[in-house]
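Notes follow once the structure below has been shown.
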Amino acid sequence: MIPYTDDALRMLSQRLMQQTVPELPSAYSQSDALLIGMLMNAIADEVAHGIDRRCKDIEQLKLLLTKGAIYYEAGEIVDRELLNLSLSEVNLLRDQLIRALEALHTCVEQSDLPGADVLSVEIWQYYEDMVARHRITAAG
Amino acid sequence: MLTHAELGLKIAEYLAGKWQQPVLLIHLEKIFGGASRETYRIELKVSGEPRSVIVRRDPATSLIDTERELEYRAYEAVCATDIPVPEPLFLENDPHVLERPFSVMQAVNGCETDAGILNAEQKQQIGSQKYELLGRLVNKDPIALGFHRFMTVPELNHCAERELDYWEHVIDTDEIHPQPIVRAAVRWLRRNMPTPPTKLAIVHGDFRTGNFLFKPASGIKAVLDWEMCHLGDPLEDLAWSFDPLWNWGEPGYAGRLITHDKAIALWEKSSGLKVNLQAFRWWRIFAAVKGIAIWISSSEDFKNGQSKDSILAMAGWLMTDRQNQILLDYLSPHSSHQLSGITQ
């Protein structure tokens with residue numbers, strides 16, 4: 001049993017990069033294994049924080065879509081609740097909400113209604129928050 | 001599936017047939033990072049004389065969906081000019097020889113690709129040569145070199161739209177998760193189409209530090225990786241070479257070599273063209289969109305393709321992350337570095 005999966009991945013990555021890589025016979029396989037080790041560290045970070053990051057995205061996305069209902073009606077997706085906290089379920093809802101946000105942003109950009117510019121700035125703020133939240137940490 | 005040893009022997013046998021001389025395999029090494037093709041460096045003895053070749057074999061999956069024929073013909077056409085490229089030797093489309101089609105090039109020996117090894121003076125020298133070379137490439141007449149025989153010749157006023165359509169289609173086709181930032185960037189590009197170029201140029205398509213071979217003391221010896229070559233706007237390669245992805249951590253330095261101002265001045269002098277600032281801004285934002293399209297494509301290849309190459313995973317994840325940061329820097333109203341000029 002590995003209760004702390006992220007730590008286990010980091011330790012295995014460290015072992016791969018420090019002990020296995022020097023034993024590999026070709027420069028190609030050494031470079032490949034080093035990159036795999038680096039990716040394992042990034043995946044460890046995702047294992048630890050990925051669901052939380054996506055849930056924060058979902059919360060922010062729902063707020064924006066509710067606020068933007070006069071420009072684009074996203075429908076029932078805004079009220080949909082997560083059935084569970086599995087990665088596939090969280091990804092599914094997040095992806096659906098982001099697609100709705102893309103449609104909202106397009107409508108906002110084309111709108112002459114008052115407040116459209118302000119909402120566009122808020123959507124860009126969401127993009128900034130999203131990128132900052134999901135920034136990859138691959139250091140060992 | 002062929003083992004490395006079998007692959008080497010089959011290549012030696014193939015070349016012996018082509019050259020009608022005895023060919024002995026000395027060493028075969030797979031080169032890391034060739035994500036669009038499997039790349040092998042092969043040391044041979046041909047009638048007793050040492051010779052090195054590079055073999056690029058179609059992968060089971062690829063970072064860039066490219067046409068090997070087009071790339072090979074581009075090498076052939078450019079090889080006849082003063083732009084240094086490895087000499088193309090053979091293009092083999094028969095998949096039975098090495099299980100997949102491949103091409104063979106003359107190796108360029110004793111060279112480097114990593115600019116990180118250069119001292120400040122060498123960076124100036126090689127950076128200057130890089131942009132002088134790009135200006136010279138822009139100056140070539142693609143029709144006189146026969147490019148129209150193997151690639152589409154776009155109308156001048158369709159160059160930008162054509163490229164944007166192509167890469168948006170890649171995003172549409174390969175996107176696994178929605179990418180709202182690049183979609184916003186595509187909409188921005190469509191609302192702000194650039195003025196057409198004054199001339200049609202050969203666009204390398206991936207002209208950046210890392211895609212040329214150099215010797216630190218004597219400069220650039222070969223420009224590589226022409227798989228995204230096409231005809232288009234002369235500003236496209238210049239903008240791509242300025243993408244912050246290629247100078248991460250060293251903003252303002254084109255490909256970590258020379259300042260943007262100096263690169264533009266050298267390019268303008270060599271090409272005889274002036275950089276249209278508005279159009280150049282468009283092409284820089286386009287470059288980031290094209291980058292994301294490539295990284296999205298590599299994610300799709302990693303998820304659904306056969307190879308599971310670590311490069312594909314890295315490109316699809318880390319590069320998308322960075323390229324999103326770049327687009328935010330260019331377009332977000334919250335950014336303090338919005339791309340208003342050409343030298344940022």
Q) Does atom NZ of K221(B) have more than 12 heavy-atom neighbours from other groups under 6.0 Å away? A)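 Atom NZ in K221(B) is packed in, count exceeds 12.
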Can you tell me which portion of [X] sits under 4.5 Å from chain B's heavy atoms? Options are side chain, backbone, both or neither.
X: Q110(A); result: neither
X: S31(A); result: both
X: H105(A); result: both
X: E109(A); result: side chain
X: I43(A); result: both
X: S29(A); result: neither

[X] and [Y] ion-paired at < 4.0 Å:
X: R51(B); Y: E43(B); value: no
X: R284(B); Y: D243(B); value: no
X: D52(A); Y: K56(A); value: yes

Q | chain A contacts, top residue of M314(B), E29(B), R183(B) (heavy-atom pairs, under 4.5 Å) | A |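 Most pairs with chain A among the choices: M314(B).
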Q. What are the two closest heavy atoms between G68(A) and L104(A), and how far apart are they?
A.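 Looking at all heavy atoms of both residues, the shortest contact is O-CD1, 3.4 Å.
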Q. Where is the tightest heavy-atom contact between Y127(A) and P180(B), given as atom of each residue plus distance?
A.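 Closest pair (atom of Y127(A), atom of P180(B), distance): CE2-CB, 3.5 Å.
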**Q.** Option in I123(A), V131(A), T106(A), I36(A) with maximal non-hydrogen atom pairs under 4.5 Å from chain B
**A.**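 Counting heavy-atom pairs under 4.5 Å, the top option is T106(A).
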Q.
Just by distance, no angles: are the side chains of R10(A) and N41(A) close enough, under 3.5 Å, to form a donor-acceptor pair?
A.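 No - no donor-acceptor pair under 3.5 Å links their side chains.
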**Q.** Interface moiety of R191(B) toward chain A, non-hydrogen atoms closer than 4.5 Å
**A.**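 Side chain only.
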